[in-house]
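A quick write-up on the structure given underneath.
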Amino acid sequence: MKKDDDKLTAELTAEKFPYSKENEDMVTQNFWTKTKKFAGKIPFTKDAIAMYYCAVDAKTPLWAKGIAFGALAYFISPIDAIPDAILGLGFTDDAAIIAAGIKAISGQVTNEHKEKAEAFFNGEK
(Lines give C-alpha, C1' and ligand atoms only; values in the text may rest on other atoms or scores of the structure.)
Protein backbone atom coordinates (compact mmCIF):
# COMPACT_ATOMS: atom_id res chain seq x y z
CA MET A 1 0.00 0.00 0.00
CA LYS A 2 1.19 3.46 -0.80
CA LYS A 3 0.05 6.82 0.50
CA ASP A 4 -0.97 8.83 -2.54
CA ASP A 5 -2.83 12.14 -2.37
CA ASP A 6 -4.00 11.33 1.16
CA LYS A 7 -5.62 8.09 -0.05
CA LEU A 8 -4.39 4.56 0.44
CA THR A 9 -4.10 2.83 -2.90
CA ALA A 10 -3.03 -0.71 -3.63
CA GLU A 11 -0.42 -0.93 -6.32
CA LEU A 12 -0.40 -4.41 -7.78
CA THR A 13 1.99 -4.50 -10.67
CA ALA A 14 3.95 -7.25 -12.34
CA GLU A 15 7.14 -5.88 -10.78
CA LYS A 16 5.75 -6.11 -7.24
CA PHE A 17 4.13 -9.53 -7.69
CA PRO A 18 6.32 -11.61 -9.97
CA TYR A 19 5.16 -15.13 -10.68
CA SER A 20 5.90 -17.39 -7.72
CA LYS A 21 5.67 -21.19 -7.87
CA GLU A 22 5.24 -21.18 -4.07
CA ASN A 23 2.16 -18.94 -4.33
CA GLU A 24 0.76 -21.10 -7.13
CA ASP A 25 1.25 -24.28 -5.11
CA MET A 26 -0.32 -22.79 -1.98
CA VAL A 27 -3.32 -21.52 -3.94
CA THR A 28 -3.92 -24.68 -5.95
CA GLN A 29 -3.69 -26.81 -2.79
CA ASN A 30 -5.75 -24.64 -0.42
CA PHE A 31 -8.01 -22.30 -2.40
CA TRP A 32 -11.14 -24.44 -2.54
CA THR A 33 -11.04 -25.34 1.16
CA LYS A 34 -11.22 -21.70 2.29
CA THR A 35 -13.52 -20.65 -0.54
CA LYS A 36 -16.11 -23.34 0.22
CA LYS A 37 -15.95 -22.45 3.91
CA PHE A 38 -16.73 -18.77 3.31
CA ALA A 39 -18.70 -18.81 0.02
CA GLY A 40 -21.77 -16.65 0.38
CA LYS A 41 -20.50 -15.12 3.63
CA ILE A 42 -18.10 -12.66 2.05
CA PRO A 43 -19.13 -10.49 -0.89
CA PHE A 44 -15.96 -10.81 -2.96
CA THR A 45 -15.93 -14.61 -3.20
CA LYS A 46 -17.15 -14.66 -6.80
CA ASP A 47 -14.36 -12.25 -7.82
CA ALA A 48 -11.78 -14.43 -6.05
CA ILE A 49 -13.07 -17.51 -7.88
CA ALA A 50 -12.96 -15.75 -11.26
CA MET A 51 -9.40 -14.67 -10.43
CA TYR A 52 -8.53 -18.28 -9.56
CA TYR A 53 -9.82 -19.52 -12.92
CA CYS A 54 -7.84 -16.77 -14.64
CA ALA A 55 -4.69 -17.75 -12.72
CA VAL A 56 -4.89 -21.41 -13.67
CA ASP A 57 -5.77 -20.70 -17.31
CA ALA A 58 -2.88 -21.65 -19.61
CA LYS A 59 -3.69 -18.62 -21.82
CA THR A 60 -3.15 -16.13 -18.98
CA PRO A 61 0.20 -14.29 -19.24
CA LEU A 62 2.76 -15.01 -16.54
CA TRP A 63 2.68 -11.42 -15.20
CA ALA A 64 -1.09 -11.71 -14.59
CA LYS A 65 -0.67 -15.15 -13.00
CA GLY A 66 1.86 -13.58 -10.60
CA ILE A 67 -0.61 -10.92 -9.51
CA ALA A 68 -3.53 -13.36 -9.28
CA PHE A 69 -1.63 -16.04 -7.36
CA GLY A 70 -0.14 -13.37 -5.06
CA ALA A 71 -3.54 -11.91 -4.22
CA LEU A 72 -5.13 -15.34 -3.80
CA ALA A 73 -2.24 -16.55 -1.63
CA TYR A 74 -2.86 -13.58 0.67
CA PHE A 75 -6.59 -14.41 0.74
CA ILE A 76 -6.06 -18.02 1.80
CA SER A 77 -3.11 -17.38 4.10
CA PRO A 78 -3.88 -17.77 7.80
CA ILE A 79 -1.57 -14.82 8.49
CA ASP A 80 -3.35 -11.55 7.68
CA ALA A 81 -2.95 -7.89 8.50
CA ILE A 82 -6.44 -8.18 10.02
CA PRO A 83 -7.20 -11.72 11.26
CA ASP A 84 -10.24 -13.27 9.55
CA ALA A 85 -11.71 -14.25 12.92
CA ILE A 86 -12.41 -10.61 13.82
CA LEU A 87 -16.10 -10.31 13.05
CA GLY A 88 -16.95 -7.51 10.64
CA LEU A 89 -13.36 -6.51 9.94
CA GLY A 90 -11.55 -9.78 9.33
CA PHE A 91 -11.98 -9.87 5.58
CA THR A 92 -11.51 -6.16 4.79
CA ASP A 93 -7.83 -6.59 4.02
CA ASP A 94 -8.57 -9.68 1.90
CA ALA A 95 -11.29 -7.76 0.03
CA ALA A 96 -8.89 -4.89 -0.68
CA ILE A 97 -6.23 -7.24 -2.06
CA ILE A 98 -8.71 -9.16 -4.22
CA ALA A 99 -10.25 -5.92 -5.53
CA ALA A 100 -6.83 -4.49 -6.37
CA GLY A 101 -5.81 -7.77 -8.01
CA ILE A 102 -8.97 -7.90 -10.12
CA LYS A 103 -8.41 -4.29 -11.19
CA ALA A 104 -4.78 -4.97 -12.08
CA ILE A 105 -5.61 -7.99 -14.25
CA SER A 106 -9.11 -6.98 -15.38
CA GLY A 107 -8.20 -7.37 -19.04
CA GLN A 108 -7.17 -10.98 -18.39
CA VAL A 109 -10.26 -12.12 -16.46
CA THR A 110 -12.49 -13.34 -19.28
CA ASN A 111 -16.19 -14.04 -19.51
CA GLU A 112 -15.30 -17.74 -19.37
CA HIS A 113 -13.60 -17.23 -15.97
CA LYS A 114 -16.63 -15.29 -14.70
CA GLU A 115 -19.02 -17.96 -16.01
CA LYS A 116 -17.05 -20.67 -14.20
CA ALA A 117 -17.26 -18.63 -10.98
CA GLU A 118 -21.02 -18.26 -11.49
CA ALA A 119 -21.31 -22.02 -12.10
CA PHE A 120 -19.60 -22.67 -8.75
CA PHE A 121 -22.26 -20.61 -6.99
CA ASN A 122 -24.99 -22.46 -8.85
CA GLY A 123 -23.64 -25.76 -7.57
CA GLU A 124 -22.25 -26.85 -10.93
CA LYS A 125 -18.64 -27.27 -9.80
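Since this is a predicted model, take the numbers as computed values, not measurements.
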Parallel under 30°, tilted from 30 to 60°, perpendicular over 60°: which one fits the rings of Phe44 and Phe75? perpendicular
Out of curiosity, Phe69 CZ to Met26 CE, how far, rounded to the nearest 0.5 Å? 11.0 Å
Closest heavy-atom pair, Val109 versus Ala50, reported as atoms and distance to 0.1 Å, is CG1-CB, 4.1 Å
Nearest atoms (heavy-atom pairs only) where Ala68 meets Ile105: CB-CD1, 3.9 Å
Going from CG on Asn122 to CD on Glu115, what distance comes out if it is rounded to the nearest 0.5 angstrom? 11.5 Å
Inter-residue atom distance Asn30.CG - Leu72.CG, 0.5 Å rounding: 11.5 Å
Students often mix this up, so state it plainly: with edges at 30° and 60°, are the rings of Trp32 and Tyr52 parallel, tilted or perpendicular? perpendicular
Drop me the distance from Ile76's CD1 to Asn23's CG, to the nearest 0.5 angstrom. 8.5 Å
Which heavy atom of Asp94 sits nearest a heavy atom of Tyr74, and at what distance? OD1-O, 3.6 Å
All heavy atoms of Lys65 vs all of Ala55, minimum pair found to be NZ-O, 2.8 Å
Among Lys114, Gln108, His113, Glu112, find the residue that satisfies the side-chain hydrogen bond (donor to acceptor under 3.5 Å, both in side chains) test when tested with Thr110. His113
Would you give the length of the straight line joining atom CD1 of Ile49 to atom NZ of Lys36, rounded to the nearest 0.5 angstrom? 10.0 Å
With a 4.5 Å cut-off on side-chain heavy atoms, are Ile102 and Met51 touching? yes
